[in-house]
Amino acid sequence: MAILDAGVRTLSNRLPKVLSPKAHAIIDYASVGTFVTAGILMMGSKKRAGISSILCGAAQAGLVMMTDMPGGVFRVIDLPTHLKIDAGFSGAVATLPSLLGFADEKKAWFFRAQGMNIAVNTAMTKPDGERYSARNMRRRRAA
């Protein structure tokens, strides 16, 4: 896990910060859909992989809905905290096949690719310090 963390940090420092928080949220929601769809498809052949994928989708959905950014619903945590959680989550997703005993199967590559997707999305997002609460959104529209 320490190697994955170092890899995410290295990746984060080298990639350009070109994604807005809105683009990050869109990619996160697409990732949720991918996790849930893949989980449903995997249920027939490998239940552990299917359940893991659906749970990862639920965790990702919960995280993006609790973040104070466009697309967030409850706005409990700020974007820099969301990005830190995403960095750890990407490593956890990539190591799930090893933890659950299906690392040698083709389904493991889905989790590794999703972990890389989350890591790259995190690394390329510019964490501007502006909060996206409803009050700030109204102020911006009024200006």
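Not measured: the values here are computed from a predicted model.
Residues I85 and I77 form a side-chain contact, since some pair of their non-hydrogen atoms from C-beta on lies under 4.5 Å apart. You'll find the side chain of D86 reaches within 4.5 Å of the side chain of Q60, heavy atoms only. With contacts defined as side-chain heavy-atom distances shorter than 4.5 Å, the pair F89/L63 does not qualify. At a threshold of 4.5 Å between non-hydrogen side-chain atoms, the residues M43 and I51 count as touching. At least one side-chain heavy atom of I27 sits under 4.5 Å from a side-chain heavy atom of N117.
Taking all atoms of both residues into account, the shortest heavy-atom contact from D78 to D68 is CA-CB, 4.5 Å. Across all non-hydrogen atoms, the minimal contact from L100 to S52 is CD1-OG, 2.8 Å. Considering every non-hydrogen atom in both P127 and L83, the closest pair reads CB-CD1, 3.6 Å. R75 and M69 get closest at one heavy-atom pair: NH1-O, 3.0 Å. The nearest pair of heavy atoms linking P97 to R112 is CB-NH2, 4.5 Å.
From H24, atom NE2 reaches atom OG1 of T67 across 7.5 Å, with rounding to the nearest 0.5 Å.
Residues K107 and S53 have side chains that never bring a donor and an acceptor to within less than 3.5 angstrom of each other.
Aromatic ring pairs are classed by plane angle as parallel below 30°, tilted from 30° to 60° and perpendicular above 60°; the pair F35 and F110 is perpendicular.
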